[in-house]
Amino acid sequence: MNKQQSATDLTEKIDLATVLKAKNGSHLKLKNPLITASGTCGNGHELAKFFDLNQLGAFTTKGITLQAQPGNKTPRIAESAAGIINSIGLENPGVDQFIAKKLPETAQYNLPILANISGYQADDFVNIAIKLAEQKEISGLEVNLSCPNIKGGGMIFGTDPENVFQITRKIKQVYPGYIIVKLTPNITDITTTALAAEEAGADAVALINTLSAMKIDIEKQKPLLANTYGGLSGPAIKPIAVKMVYQSYQKLTIPIIGLGGICSGSDVIEFLLAGATAVGLGSINLREPAAALRILAEIKDYLKKHQLNKLSSLIGAAHQ
Amino acid sequence: MNKQQSATDLTEKIDLATVLKAKNGSHLKLKNPLITASGTCGNGHELAKFFDLNQLGAFTTKGITLQAQPGNKTPRIAESAAGIINSIGLENPGVDQFIAKKLPETAQYNLPILANISGYQADDFVNIAIKLAEQKEISGLEVNLSCPNIKGGGMIFGTDPENVFQITRKIKQVYPGYIIVKLTPNITDITTTALAAEEAGADAVALINTLSAMKIDIEKQKPLLANTYGGLSGPAIKPIAVKMVYQSYQKLTIPIIGLGGICSGSDVIEFLLAGATAVGLGSINLREPAAALRILAEIKDYLKKHQLNKLSSLIGAAHQ
Amino acid sequence: MFKIIANRLVGPKIYEIIIKADKLIEQPQPGQFFNLKVNKLKSKDPFLRRPFSVFDFNPVSQQLTFVYRVVGRGTEILSSFKVGDSLDLLGPLGKGFTLPENKKSLHLIGGGIGIAPLYYLARVLADQQQLSIYLGAETKTELNFFQQKFSELKCSIKLTAMAEKLDFKGTALQLWLKNLPANKADFIYVCGPEKMLLAVEKEALARNIDGELSVEKRMGCGIGICLSCSCQSVESPLTRKRACIEGPVFKLGEVELDE
Amino acid sequence: MFKIIANRLVGPKIYEIIIKADKLIEQPQPGQFFNLKVNKLKSKDPFLRRPFSVFDFNPVSQQLTFVYRVVGRGTEILSSFKVGDSLDLLGPLGKGFTLPENKKSLHLIGGGIGIAPLYYLARVLADQQQLSIYLGAETKTELNFFQQKFSELKCSIKLTAMAEKLDFKGTALQLWLKNLPANKADFIYVCGPEKMLLAVEKEALARNIDGELSVEKRMGCGIGICLSCSCQSVESPLTRKRACIEGPVFKLGEVELDE
Ligand SMILES: Cc1cc2nc3c(=O)[nH]c(=O)nc-3n(C[C@H](O)[C@H](O)[C@H](O)COP(=O)(O)OP(=O)(O)OC[C@H]3O[C@@H](n4cnc5c(N)ncnc54)[C@H](O)[C@@H]3O)c2cc1C
Ligand SMILES: Cc1cc2nc3c(=O)[nH]c(=O)nc-3n(C[C@H](O)[C@H](O)[C@H](O)COP(=O)(O)OP(=O)(O)OC[C@H]3O[C@@H](n4cnc5c(N)ncnc54)[C@H](O)[C@@H]3O)c2cc1C
Ligand SMILES: Cc1cc2nc3c(=O)[nH]c(=O)nc-3n(C[C@H](O)[C@H](O)[C@H](O)COP(=O)(O)O)c2cc1C
Ligand SMILES: Cc1cc2nc3c(=O)[nH]c(=O)nc-3n(C[C@H](O)[C@H](O)[C@H](O)COP(=O)(O)O)c2cc1C
Ligand code: FES
Ligand code: FES
């Protein structure tokens, strides 16, 4: 395995920085808009074999729960046209082990770390947030109110605006740092939950998590995933994600992290134009571990071609 | 269930027939499960240049409204990964012209015709249904409570179970024939609207219509479709559609017509196993006008390989 | 099946692809198009076919030629197809150009890659009719291949580019208008970007010159089933014409050019 | 980049693909795998890579061989790749087989396409160690290619098929057990379908025979970032091992075989 060389672009004078800044003044500054999406980037060191992780804008951890979770049975992944369906089911060592073992590993990179947290009830989120509030290495929380793979939790929170509001507020009360609420697209109108998060004091929202989906093994004549249902991600869902970002941008005052199927610089530009302030790279990492580097180069090419020297000027530009 | 053999398969002894039969006894018998999906098959004669239309199970018309509609401005179509995004916007000559000009054209084929109807308010549906009730060539109505492309209508009906119930019941009161309610996947829980349709007396439901989506032209920095938003269809959405069919099958007693991204015999089998009694072929017709014939052959191959002589034995089999 | 017997670069991002049919195909009319599947095997991405006008057709050898510019994913894939690969195509589709009975002076006005369908038209007409060809593009190199092909025919040809002076420097429309006083037109055929079509149409109608144009609409199916390519007729907003069935060739002034 | 220098049918739906690297690649250990991109150009379908174990590697010529069976869309596309095409692959990945210091009698037990990784292992071990190879498949024709390859090595080889009698008629496990009394095993290496792994593991552990097996889990990434391939350790449900990092080779009795 050869580690690709990171291209330093001091000479080019293109400003890729982006600031996730909310009305209330809180903000998170990234040197570029690329954030690894939760659950698709391991702990950092796995991807670091392929490229210099410090080239990223920020790193998001795999979902953390209060107690350790074994995750779902395998098969946990299936493929669909231009997409993948996963039902990992939040396998993780629990927040304490995360702090003790995983966090120090990820913290060695010079990157803002966002801790993606999940729970089975509102108190879980609060208890995790309390523990993580003490960790200086963490730049913010990404509250996953959208994982479709755990029963009794996740999905239910994310589809009821009232619930989104309550949980966000509770976390806000115990966590002084930056809070991103990650929302589910499995909903009639995502702006209702996005607005609820904003009203409860979220500093940003992340759109979107996976779409509820399944595949049937026609030879065995039963669901292919051990868990029956899974979440659809990858290029297949991009047009849905772009639409949700575009639509939410018209109603929200807090910034949006856009994700869903991003594979190229053009895809990133599309999300920025729709109104995203930063973006998440998810499934593409599974296919191409060093994708972030290629995507960064493609973004720069676009900016050069369009004679723009600030990436931030693209944000929301498709609305004019 | 059904012992009759489709005319073309006498030698093969494979029974492809399927009966869309509801609890209340009403039923629609098809010689095979392949129905053209509304809006993707023109008037019949366009596809008839490519294959013998009588090989199909049934034919669904393009959406019909009370008055003629010019449809949306162009561009009306964009491409996404393994999918297409359309915003045709129900271009059609209105129900009277449909009856006078289009219906006779389609009626020359020896096929059950399903009239897909749309409206901007509940009364529109009722008025169209009254006019169509007199047309003997029509075997049933497909009530489109899900088109995301018309403002003020379509989508709103389809996302509120109460509305679905009311409209379905009103149509039921004026239309004595077979009524299929076609539902939108842009909803938190499609089983709520599916159950509402069933309770109001629908004879079947069709799942799914397109998912709300968009594409931004990054060169022009604005939405690519003249209408901004469109509906995503094609292979990209198949895992979402299969899941909705599977989930609805567990709650409904009326039959389900499954559609969304079907391209092959295997895809049809997947929908049948999930619980569909028949299926719609949509976007694939755009790519491969004679797809239905290939798909029929693939279905037969599957049945032979699995030593099944009745297609109907597959319906819902993945639930065991 | 159709086998590719040539697929070569003939200009900046411009390719000529020649296909040989192994069974007789219907003879296309100039202005008709084919819908090409741009992926191999069972890949579902890209999903849709791509429409291309006939650049040339030889009924004896059953060779069909398209000239295309690489602009996106589909054309990029097409350009990677190799000699010997087979290609899945549907056609001929749509309504082509009307061939005149006894018009005296025919003008063909083409811009950019829109020149492609005019070559087959010119080849079919060149022996019987008096043809004047006006072609424009951004740069001279884009025109080289076309110039060479058209110059083999019996017709007068004038070229223009935006970036450098050839017979003229400017648009194909400007070139045409400049020559119009000396070279009267009885009927014109126009193909190029929608903006150009609009401008030429306006000038032609103002001068009472009759003619036809070929539109490029985004197409879903190319066979009339999806209504993606619907054009509004100038008569009435409710009279719609599908570019893939009633077009892509329309009379000047027949449909709204709204893009 | 990696160029394909051979891709040929060697059995029923079984292909041998040989790839030449133009820059030095890390020497794979037997049991390690590569993750192959099975589409061309920018097609996003199929999306994921496909994992294949190293069948052979020549560090001097930098030639890497895989042997694969066409079972679905990805392998079908792979089989259509031509000599001269380039291939995008990642690897070597995962943890391979432990090479023994001074074991006396090593048994390699392979079933179906699971035989593939055992060849490279046998080739690396054949000179120093005493090897007995037990291979099973549905039919004899599936084994022909493997038989020919293994027979070039210094080792004893026995074959079985379900459909016809070779050295035996039945499973690879049955064949192995039948020979075990005469031919004691100090260490075994097993690869094949999960059901076979489970059965062999049970018999081996019952006899206190140590060894390793290679699992085939559906993989999302092959590099440890997605947890698709997570196996439950026998010690505790909360101790998870990724087939792509801590595996695909595990000790007998190390992980639950639950499929
Ligand atoms: C009747 C007709 C004849 C044509 N003849 C020619 C020809 O002879 N030579 C040539 O180079 N081009 C021709 N075009 C344009 C050609 O179809 C597009 O350039 C091509 O489809 C672009 O595909 P892409 O995947 O590379 O681009 P992408 O932008 O990736 O394509 C995405 C989608 O948009 C559509 N699309 C993009 N650009 C156009 C366009 N200009 N017109 C129509 N659809 C478009 C594609 O078909 C596809 O569905 C013709 C178009 C039409 C409608
Ligand atoms: C570590 C490892 C080594 C392997 N080595 C070999 C080898 O040397 N030779 C060989 O022929 N096969 C090998 N396999 C299996 C091979 O990866 C699959 O047969 C192949 O991925 C099937 O792809 P497909 O697109 O043709 O099938 P599809 O069924 O269309 O694939 C759909 C998805 O399921 C996955 N999948 C399907 N079957 C399997 C399977 N049996 N194991 C893992 N994933 C699967 C695919 O990777 C893909 O993501 C190995 C698998 C693993 C995990
Ligand atoms: C294998 C896998 C694991 C994931 N795990 C998580 C998770 O733990 N927490 C979370 O919020 N999202 C998780 N996601 C969702 C992604 O972060 C992302 O929102 C989604 O995949 C859409 O982006 P993409 O299309 O770029 O992958 C996971 C996605 C995948 C594919
Ligand atoms: C171009 C186009 C036009 C459509 N028009 C209609 C319509 O008029 N009425 C309707 O109920 N559905 C309409 N649909 C939705 C399809 O009938 C179908 O539900 C959807 O496309 C999903 O199936 P598919 O993925 O196989 O295309 C249209 C879809 C497309 C692609
Ligand atoms: S492209 Fe489908 S109707 Fe013309
Ligand atoms: S396949 Fe992704 S972690 Fe192993």
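Only heavy atoms go into these numbers, but all of them, side chains included; no hydrogens, no water, no symmetry mates. Below, read A as the first sequence line, B as the second, and so on, with proteins coming before strands; counting in each chain starts at 1. The model shown is predicted, which means the values in this text are computed figures rather than measured ones.
Under the 4.5 Å side-chain criterion, counting only non-hydrogen atoms from C-beta, A/E79 is not in contact with A/I85. At least one side-chain heavy atom of B/I167 sits less than 4.5 Å from a side-chain heavy atom of B/L145.
Within the 4.5 angstrom heavy-atom criterion, no atom of A/F271 approaches chain B. A/L232 touches chain B through its side chain: at least one heavy atom from C-beta onward sits under 4.5 Å away, while N, CA, C and O do not. The contact between A/Q247 and chain B is made by backbone and side chain atoms together, counting heavy-atom distances below 4.5 Å. For A/L272, no part lies under 4.5 angstrom from a heavy atom of chain B.
Side chain of A/S248 to backbone of A/V245: no donor-acceptor contact under 3.5 angstrom is found. No donor-acceptor pair under 3.5 Å is formed between the side chain of A/T74 and the backbone N or O of A/R76.
In this structure, A/H319 and A/Y249 have tilted ring planes: the angle between them lies in the 30° to 60° band.
Per-residue counts of heavy-atom pairs under 4.5 Å with chain B were compared for A/A81, A/P239, A/A236; the largest is that of A/P239. The choice from A/K222, A/E270, A/K238 that makes the most heavy-atom pairs within less than 4.5 Å of chain B is A/E270. Interface summary for chain A: among B/D189, B/I269, B/I216, B/I240, the most heavy-atom pairs under 4.5 angstrom belong to B/I216. With respect to chain A, the highest number of heavy-atom pairs below 4.5 Å among B/A82, B/G83, B/G234 belongs to B/A82.
The distance from the CD1 atom of A/I218 to the OG atom of B/S266 is 3.5 Å, given to the nearest 0.5 Å.
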